[in-house]
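Working notes, beginning with the structure itself.
If you're wondering where the values come from, they're calculated on a predicted model, not measured in any experiment. In what follows, every chain begins at residue 1, and chains take the letters A, B, ... in the order their sequences are listed.
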There are 4 protein chains.
Amino acid sequence: MSPRKLDKTSKKKEILFAATKVFAMKGVANTKMSDIALEAGIGKGTIYEYFQSKDAIFYESFRFFMEQTDSLIANRLDKIQNPKAKLEAWIDGWLESLSNSLDQIGIMMDYWAEGIRSRKEDSAFNIKNIYEKYRQTIKKILDEGVSLGIFKPVNTMISASILIGTLDGLALQWIMDKNLFRFIEASQILKDSFLNGLMKK
Amino acid sequence: MSPRKLDKTSKKKEILFAATKVFAMKGVANTKMSDIALEAGIGKGTIYEYFQSKDAIFYESFRFFMEQTDSLIANRLDKIQNPKAKLEAWIDGWLESLSNSLDQIGIMMDYWAEGIRSRKEDSAFNIKNIYEKYRQTIKKILDEGVSLGIFKPVNTMISASILIGTLDGLALQWIMDKNLFRFIEASQILKDSFLNGLMKK
Amino acid sequence: MSPRKLDKTSKKKEILFAATKVFAMKGVANTKMSDIALEAGIGKGTIYEYFQSKDAIFYESFRFFMEQTDSLIANRLDKIQNPKAKLEAWIDGWLESLSNSLDQIGIMMDYWAEGIRSRKEDSAFNIKNIYEKYRQTIKKILDEGVSLGIFKPVNTMISASILIGTLDGLALQWIMDKNLFRFIEASQILKDSFLNGLMKK
Amino acid sequence: MSPRKLDKTSKKKEILFAATKVFAMKGVANTKMSDIALEAGIGKGTIYEYFQSKDAIFYESFRFFMEQTDSLIANRLDKIQNPKAKLEAWIDGWLESLSNSLDQIGIMMDYWAEGIRSRKEDSAFNIKNIYEKYRQTIKKILDEGVSLGIFKPVNTMISASILIGTLDGLALQWIMDKNLFRFIEASQILKDSFLNGLMKK
DNA sequence: TATGAATGAGCTTTCATTCAT
DNA sequence: GATGAATGAAAGCTCATTCAT
C-alpha cells in the first residue's frame, strides 16, 4: 500500500559525501551536478530531491565538516581542567579531525575561498565566524594559563591566531605534496614547539 | 628596442594587473573576461591579442606574483653570509612581498586551489615545484646553520615546511579578518618565535 | 454496476475537478502534476491510474466542460418550437453554463489557445469542431426563423459566429476585471440587443 | 579601427518579430529560445544580447503590439469631433490594427492568459489596465454622444465593455477558423449593428 | 490500488572565444 | 591593433513520467 519509505537522512548524507569527494578532487566550480550524481550512483534529478541547489550542497558540506570537527574537539576538551592539557587536547582534536578527511581535504581551499569572499556578516556561510569561535576557545585557554602563571604573558589573541594559522598552513603544505613528510610527525613537532615557546621555564 | 615592443609589454602588464585585481575580488571562476576588460579599460576582444585564454591569464598572474616574490627575496639574500641573518632576510622578503599585494591577496586561494589540483608533474602550472624551490632555499640555509653549530640539529626539511606553512597560515588568518591583528606585528612575533626555537642557547 | 467501477469513475472526476481548478488558476503550462495531486489530496502517481498524461487531463477537462454546456443547452432547447424562444433558450443555457463555472473560467484561455494551435482536422482536441457544432445549431435556428419570416434575412452563418463571439468576448472582459460589471446584467443587455437587431419590426 | 557597429534597435526589432511569429504559432510556453533563434536566423546566445530573458521578449512583444494599436487608433481619432464618427473611427482603427497582424494573432491568446493571471495591480504586465484605457476612451465617446442626444441613454460603461468584448470575440472566432467568413465583412456587420442599436431614431 | 522516490530529456541561460570590420 | 557582436557548448535546474513496493 505504501511505497518504499527511504531513510531520507541517510541518502542525503550519501549524496553529501559523494559531492564532497568530487568537490575535493575537481574544485567546486569545476564540479558538475552530473559528476556528483555519477559519484553517488544516482540520477542527476535525484540530487534535487535532497538539496535545493549546488550552492546548498557546498554549504552543507562545509557545515558538516565543521560540525564534525567541533564535536570531535569538544569531546576531547570535556573534563580536562589543566590549561596545558586542554591546549594539547585541542590541537590533537584538530589534527585528528583533519586526518579523518585527509583524502578530501582539497575542498578546504574552496571553503576558505568562499569564506573570504562572502564578507557579509550575516551571510549564512560565514567562515570568519567559525574561525572566530576557534580563536575564542583557544584564547580562553591561553588566558587561563597566563592567569595561573603556567604560560608566558603573551598576547593571547595573536597567539591563538598564530596557532590556528600554523596548523592550517602546515596542512596546506602537506596537501600540496603528501610525500614530503609524514603529517603526524610534523604536527607533533609543531605542537611541541608551540607549547615549548609558550611555557614558562 | 622598438617602441612597439615596449608598448606591447606594458599593455600586457596592465591587463595582467587588472585581471589579478578582479580575480582577487571575485575569484577566478566568478570572473568574466568582460570584467577584466572593463577593469583594464579595453575591449573584450583585445585581451586575446595579449593572452591565449583566461587560463593563460591566471597562469601568468601566478607566475608574475611568484617572480616578484622571488626577485625580492633574492635581492635581500644577496651578499648575506650569516645563516641566521639569511633566514631573517628570507622571512622579511616574503613578508614584504606579501605586504605589497595585501589588497589582492585573495587570489592566493585560487593559486593554491589550482596548484593542489593540477597534480601532473609536467603541468606548466606546478605550484608544488614553486614551493619545493622555497623549501630547498630555506633548507639550505638551515643546513648551513646546523653545520656551523648555530642552529639546533633539527629535521631541516620539516622545519622548512613548517616555516613556509606558518607564514601562509598566518596570512590566511589575516585575510579572513583584517581587523583582527596588525599583520606586521604578528609576523614579527612569528619570526622571533621561530628563530628563538631554532637557535642554540 | 460494481461499486469498484463507480468508485473509479467518481475518483477520476475528483481528479478532473481538482485539475481544472488548478489549471484555471495557474494556467496549464504552469501547473505541475504535483499541484494537481495536492489539490486532489492524492499521490502524484495515482493520477496516472486514471489518466494517461497531463495532456489527457487537459483534454478531458475540456471535453467535460463542453459536454456539460452541451447537455445544459440541449435540455433547454428540448420541446421548444418557436425560433425566437429557441434562440433565447440557447443563449440562456450558454450563460448558465458559464455562470456555473465562473470561478474556473480562466482555463478557457487555455482551451482556446490549444484549440487554435491544434489545427490538424483529425486532432482529438479539435475546438474548431466544437465551435462548428455550436455554430450549426444556431445557424439552424436562425435559418428557421428567417424562413418563417420572424427574423430579418441576415447572413445566418456570420450572425451565428457573431453571437458566439460576442458571448465569448463578454466573458473575456468579465474575466479580466470581475468588478467591472455584473455579468448577468451585461449578458441580458447583450441578449436583448442581439435579438432586437434580429427581429423583424 | 572600430568594429561593425550594428543598429541595435533594428536587430532587436527583427528578433521581436521572429519571436512574436513563433509565439503565435506554437504558444509561448511551447516556444524554445532555439526556435526563436532559428526563425530569426541567428544564434541562440545572440538573443540574450538584446533581451534579458524569454519573459522579457514576451512582455516587449505585448507592449509593441499594444503601442502599435494605440497609435493607430489615436491617429484616426485625431481631429474628429462628432461622437458617432469618433466611434466609427475607433472601431476601424482597432480592426485595421488587428488586420495588420492577423497572421500572428495567435499570440493574443497568450497575452490574454498572462494578463488574466498577473493580477497584481502594479505588475508591469497589466493587461487589465490596457483594457481599462480602451474602455475609458470609448465610454467618454459614448457619454458625449448621450449628452448631445445622439445616442440612446445606455449604461455607457457596460456598452463599452460589450463593444470591446464583441470585437475580441469575433476575432477569436475568426482565428479558430479563418475560412469561415471574411473578417472584414463580419466586422462591418458588427459595426453597423452596434451603431444601429445605439443611435436614437 | 496507491504511492512518491527516482529519473533524464529538455529547458533557459551564461560566457569564453572567434572574427568581420 | 582593437573591437564587440555573434556564437554554441555546457551548465544548473525542472518536471512529466515510471515503477518498485
Side-chain angles (χ1 to χ4, degrees), chain A residues 1-8 11-12 15 29-37 40-57, chain B residues 4 7-8 11 29-38 40-57, chain C residues 4 7-8 11 29-38 40-57, chain D residues 1-8 11-12 15 29-37 40-57:
Chain A
M1 196 73 30
S2 140
R4 182 176 24 146
K5 200 87 179 185
L6 243 285
D7 182 355
K8 272 234 159 198
K11 182 138 195 183
K12 186 170 183 178
I15 296 174
N30 303 317
T31 297
K32 290 174 264 178
M33 294 306 271
S34 60
D35 293 332
I36 298 173
I42 58 174
K44 191 161 40 98
T46 308
I47 299 175
Y48 289 88
E49 297 285 325
Y50 297 87
F51 296 91
Q52 291 255 346
S53 66
K54 189 182 170 184
D55 274 357
I57 303 178
Chain B
R4 279 269 168 228
D7 278 345
K8 179 129 206 195
K11 186 147 190 180
N30 301 319
T31 297
K32 293 177 248 173
M33 292 304 270
S34 61
D35 293 332
I36 298 173
L38 196 70
I42 59 172
K44 199 161 31 110
T46 309
I47 299 176
Y48 288 86
E49 297 289 327
Y50 298 88
F51 296 92
Q52 291 257 344
S53 67
K54 189 181 171 184
D55 275 354
I57 303 178
Chain C
R4 279 271 167 226
D7 276 346
K8 180 131 206 194
K11 185 147 191 180
N30 301 318
T31 296
K32 292 177 249 174
M33 293 302 271
S34 61
D35 293 332
I36 298 173
L38 195 70
I42 59 172
K44 197 160 32 108
T46 309
I47 299 176
Y48 288 86
E49 298 289 326
Y50 298 88
F51 297 91
Q52 290 257 346
S53 66
K54 188 182 171 183
D55 275 354
I57 303 178
Chain D
M1 198 75 26
S2 138
R4 183 176 24 145
K5 200 87 180 187
L6 244 284
D7 182 356
K8 272 232 159 198
K11 183 137 194 183
K12 186 171 182 178
I15 297 174
N30 302 318
T31 296
K32 290 174 265 178
M33 293 305 271
S34 60
D35 294 332
I36 298 173
I42 57 173
K44 193 160 37 97
T46 308
I47 299 175
Y48 288 88
E49 297 284 325
Y50 297 87
F51 296 91
Q52 291 255 345
S53 66
K54 189 181 169 182
D55 274 356
I57 302 178

Closest contact, heavy atoms only, C/Tyr50 versus C/Lys11: OH-CD, 3.3 Å

Rounded distance [0.5 Å steps], NZ in D/Lys12 versus CD1 in D/Ile57: 9.5 Å

Atom pair CD1 (D/Ile15) and CD1 (D/Ile42), whose distance is rounded to the nearest 0.5 Å: 4.0 Å

Protein-to-nucleotide contact annotation, 5' to 3' order, nucleotides 7-12 of chain F [B base; S sugar-phosphate only; - none; under 4.0 Å, heavy atom]: BBBBSS

Distance, rounded to the nearest Å, where [X] contributes [atom1] and [N] contributes [atom2]:
X       : N      : atom1 : atom2 : result
B/Ile36 : E/dC15 : CD1   : P     : 13 Å
B/Leu38 : F/dG4  : CG    : P     : 11 Å
C/Asn30 : F/dA16 : CG    : P     : 10 Å
A/Tyr50 : E/dT7  : OH    : P     : 9 Å
C/Asp35 : F/dA16 : CG    : C1'   : 12 Å
D/Gln52 : E/dT12 : CD    : P     : 16 Å

Secondary-structure string, 5' to 3', Watson-Crick or G-U under 3.5 Å, | for another-strand partners, for DNA chain E: .||||||||||||||||||||

Considering only distance and modelled atom types, tabulate donor-acceptor pairs under 3.5 Å from the side chains of residues 29-37 of chain C, sequence neighbours left out.
residue : atom : partner : partner atom : Å
C/Asn30 : ND2  : C/Lys26 : O            : 3.0
C/Thr31 : OG1  : C/Gly27 : O            : 2.7
C/Asp35 : OD2  : C/Lys26 : NZ           : 3.3
C/Asp35 : OD2  : C/Lys32 : N            : 2.9

